[in-house]
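A short worksheet on the structure shown next.
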Amino acid sequence: MADEKLTSRSENYSEWYNQVVLRADMADYAPVRGCMVVKPYGWALWENMQKELDRRFKETGHVNAAFPLLIPKSFFEKEKEHVEGFAPELAVVTIGGGQELEEPLVVRPTSETVIGYMYSKWIKSYRDLPVLINQWANVVRWEMRTRLFLRTLEFYWQEGHTAHSSDEEAQEETIRMLDVYADFAINEAAVPVIRGIKSESEKFAGAVNTYSIEAMMGDTKALQAGTSHNLGQNFAKAFDIKYLDQNNTLQYCWTTSWGLSTRFIGAIIMTHGDDNGLILPPRLAPFQIVIVPIYKNDEERSAVMEAVDNVQKQLKDFRVKLDDRTEVTPGYKYHEWELRGVPLRLEIGPKDVEKGSVMAARRDIPGKPGKSFLLQENLAPQVQELLDTIQAAMLKRATEFRDANIHPANSYDELKEIIQNGWAESWWCGSSECERKIKEETKATTRCIPLDQEKGGHGKCVYCQSDASQKVYFSKAY
RNA sequence: CGGGGUGUAGCGCAGUUGGUAGCGCACCGCGUUUGGGACGCGGGGGCCCGCGGUUCGAGUCCGCGCACCCCGACCA
């Protein structure tokens with residue numbers, strides 16, 4: 001599997017990315033163009049992500065359900081912007097059981113429509129609100145160009161869909177879930193993200209407002225890592241989601257939707273990976289620790305394996321992989337597990353048996369500087385501390401990298417220069433026209449208008465020089 | 001959908017003027033190895049992407065398809 005040197009990131013970043021995904025055994029290409037198989041190692045990472053997200057959803061009052069894969073095509077015509085946004089990338093089923101269907105069925109690209117339909121049946125009274133449902137699902141979007149995890153025809157995600165009795169409550173929910181995503185990204189994945197609001201042209205088809213968390217990848221391009229939409233009453237009106245309020249007046253609901261997908265795996269890979277391969281954050285890594293036993297003969301073997309056994313017992317509350325293969329050498333194993341991003345490696349050999357130690361090697365600090373001896377005695381707390389240190393160091397490094405590559409652009413010339421290798425932070429008048437021109441001329445798009453900027457500021461639009469009251473990030477993006 | 005590239009063993013590739021397919025890695029067996037990608041010996045594995053041509057003979061030459069990858073436009 002892992003036999004030759006990886007293409008370096010500076011040599012060819014996308015080649016590096018593809019090789020890492022394939023050789024780390026995260027995923028493989030499927031027989032259909034643009035589709036992927038998520039292999040057990042990749043799926044284990046996704047499961048850990050799901051667990052952390054799901055916990056947060058439940059803590060904020062949401063419940064899970066499952067809605068159907070097939071949606072009547074006519075549903076997509078009910079909300080004007082939604083149909084315009086999604087029509088080009090729908091997969092449509094026209095034959096079922098050998099018969100031409102009376103109405104074609106769309107394989108869901110997202111579930112606002114069918115969930116809206118169901119909500120209209122379920123919601124009658126203000127007492128039914130809010131409805132706070134999430135589903136874990138796969139969706140299909142017929143994309144032109146695909147890349148493993150980042151953009152595949154089919155992908156896995158969660159989509160939350162909520163209905164509320166007021167605009168304020170829907171807006172609170174939208175921000176609440178954006179914050180959940182940011183908390184997950186920063187504290188579980190060690191991916192520093194910026195919370196912001198999307199421009200008109202970048203927002204979700206059919207939303208009033210779209211918020212996103214934006215992350216910077218290792219090549220300084222931006223990746224939208226999660227989104228939260230305030231749908232206002234657009235879908236409620238399209239799908240007739242109404243309730244009677246306390247005054248017996250019929251009202252349309254206010255709805256939201258929010259999603260985070262397997263794309264985020266791509267964010268983790270490109271935020272942390274180095275020229276030796278993946279570096280996975282300890283809190284999400286399928287294996288937090290890999291143990292490599294080392295011995296020369298049977299005598300050493302039995303002594304070493306006894307120590308390994310003892311270590312394994314002490315670390316039973318961690319996700320541990322014992323690599324006891326005899327057909328490959330320790331050196332081979334080091335390279336392989338580094339490629340696969342295991343945060344901490346424990347080497348146990350004759351010297352350790354003698355000294356009651358284990359050699360610990362940090363994945364985030366390659367080579368000698370990342371190595372240290374731990375005592376076999378009372379090992380668990382030492383390992384926990386190391387993993388915490390690694391997690392924190394990863395977040396710190398990624399944050400510093402991001403901040404070092406965001407620069408204020410005071411002029412259009414500066415912006416053009418900055419976006420060659422970073423994000424430009426600049427004043428923007430808010431007009432789609434300036435945005436479009438910049439995109440045409442530089443390939444950079446607005447990523448988001450960051451929520452964390454001082455209110456009441458003002459400057460001149462980086463493109464048209466007219467008055468601007470907000471700052472925005474421009475960059476190339478995935 | 002435009003531009004570029006590639007289809008030969010699981011993977012990466014070679015294959016001369018057209019003569020009936022090979023190398024490295026991986027895999028299997030045996031032995032020696034094992035603290036940063038070990039080695040020796042012996043094995044198994046092929047509708048050369050598909051369909052038509054040309055030819056005594058096609059992996060090779062000529063059409064026409066198809067698929068995948070990369071770069072753009074579109075998008076989470």
Side-chain angles (χ1 to χ4, degrees), chain A residues 1-6 12-15 17-19 22-23 28-35 84-90 109-110 139-159 181 198 201-205 210 212-215 222-229 257-267 276-277 292-298 300-301 304 323-339 345-354 357-359 361 366-368 370-371 373 439-440 443 445 476-478:
Chain A
M1 172 204 319
D3 38 6
E4 267 167 52
K5 232 184 152 66
L6 206 56
N12 183 341
Y13 198 81
S14 45
E15 181 60 25
Y17 176 82
N18 285 334
Q19 284 186 10
L22 295 171
R23 290 169 55 174
D28 199 357
Y29 291 106
V32 176
R33 177 196 74 89
C35 292
E84 282 170 10
F86 280 101
E89 53 188 48
L90 295 181
T110 179
V139 289
V140 168
R141 299 180 186 178
W142 216 265
E143 301 289 351
M144 295 294 185
R145 262 199 72 209
T146 57
R147 299 197 57 191
L148 294 166
F149 287 118
L150 297 176
R151 182 168 297 106
T152 43
L153 292 200
E154 179 187 17
F155 60 91
Y156 300 85
W157 74 346
Q158 56 69 217
E159 46 179 329
Y181 287 154
K198 286 290 198 182
S201 63
E202 293 281 332
K203 78 177 191 194
F204 177 73
T210 288
S212 72
I213 50 172
E214 299 285 330
L223 183 82
Q224 181 174 316
T227 49
S228 187
H229 315 292
S257 69
W258 26 276
L260 186 146
S261 75
T262 39
R263 181 180 226 211
F264 200 98
I265 292 174
N276 296 321
V292 178
I294 297 154
Y295 47 80
K296 286 190 173 58
N297 50 48
D298 281 352
E300 283 184 1
R301 181 178 183 279
V304 164
D323 190 349
D324 56 0
R325 288 176 295 176
T326 53
E327 65 271 24
V328 288
T329 59
Y332 183 93
K333 294 176 185 178
Y334 300 167
H335 285 272
E336 178 169 319
W337 292 111
E338 279 166 9
L339 173 63
R345 181 179 74 237
L346 299 181
E347 306 167 16
I348 302 176
K351 291 179 213 162
D352 300 292
V353 170
E354 197 181 309
S357 63
V358 301
M359 171 69 95
K368 277 233 173 81
K371 289 193 174 189
F373 278 106
K439 184 178 176 180
E440 275 175 19
K443 306 252 165 71
T445 52
K476 294 179 183 171
Y478 279 97

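First the proteins, then the strands, lettered A, B, ... as listed; each starts at 1. As the structure is a computational prediction, the values presented were derived from the model and not from experiment. All values below come from the heavy atoms of this structure, side chains included, with hydrogens, waters and symmetry mates left out.
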**Message:** Suppose we call a contact any N or O donor and acceptor under 3.5 Å apart; does that hold for the side chain of A/Lys371 and the base of B/rG36?
**Reply:** yes
**Side chain of A/Met144 (C-beta onward), nearest among B/rC70, B/rA73, B/rG37** = B/rA73
**Message:** Heavy atoms from C-beta onward define the side chain here; which of B/rG37, B/rC69, B/rC74 lies closest to that of A/Tyr29?
**Reply:** B/rC69
**Request:** Describe the nucleic acid contact of A/Asp352 in one word from base, sugar-phosphate, nothing, applying a heavy-atom distance below 4.0 Å.
**Result:** base
**Whole-Å distance separating the CD atom of A/Gln19 from the C1' atom of B/rC69** = 13 Å
**Asked** Choosing from B/rG35, B/rC74, B/rC70, which nucleotide comes nearest the side chain of A/Tyr334?
**Response** B/rG35
**Fill in**
Out of B/rA38, B/rG36, B/rC69, minimum distance to the side chain of A/Thr329 belongs to B/rA38
**Message:** Quick check for you: among B/rC74, B/rG36, B/rA38, whose closest atom lies nearest to any side-chain atom of A/Glu143?
**Reply:** B/rC74
**Request:** Calculate the interatomic distance between A/Glu338 atom CD and B/rG36 atom P; express it in whole Å.
**Result:** 12 Å
**Prompt:** Is any side-chain nitrogen or oxygen of A/Lys333 closer than 4.0 Å to OP1 or OP2 of B/rA38?
**Reply:** no
**Request:** Looking at every strand, decide which applies to A/Glu347 at a 4.0 Å heavy-atom threshold: base, sugar-phosphate, or nothing.
**Result:** base
**Asked** When all nucleic acid strands are considered with a 4.0 Å heavy-atom cut-off, which category describes A/Pro88: base, sugar-phosphate, or nothing?
**Response** nothing
**Asked** Between A/Trp258 and A/Tyr181, what is the ring plane arrangement, given parallel below 30°, perpendicular above 60°, and tilted in between?
**Response** perpendicular
**Message:** Using atom C1' in both nucleotides, what's the gap between B/rC48 and B/rC13 to the nearest angstrom?
**Reply:** 13 Å
**Asked** Are A/Lys371 and A/Tyr334 in a cation-pi contact, defined as NZ or CZ under 6.0 Å from the six-membered ring centre and within 45° of the axis?
**Response** yes
**Prompt:** With a non-hydrogen cut-off below 4.0 angstrom, is A/Thr227 in contact with a base, only sugar-phosphate, or nothing?
**Reply:** nothing
**Message:** The side chain of A/Ser14 is closest to which nucleotide in this list: B/rC70, B/rU34, B/rC1?
**Reply:** B/rC70
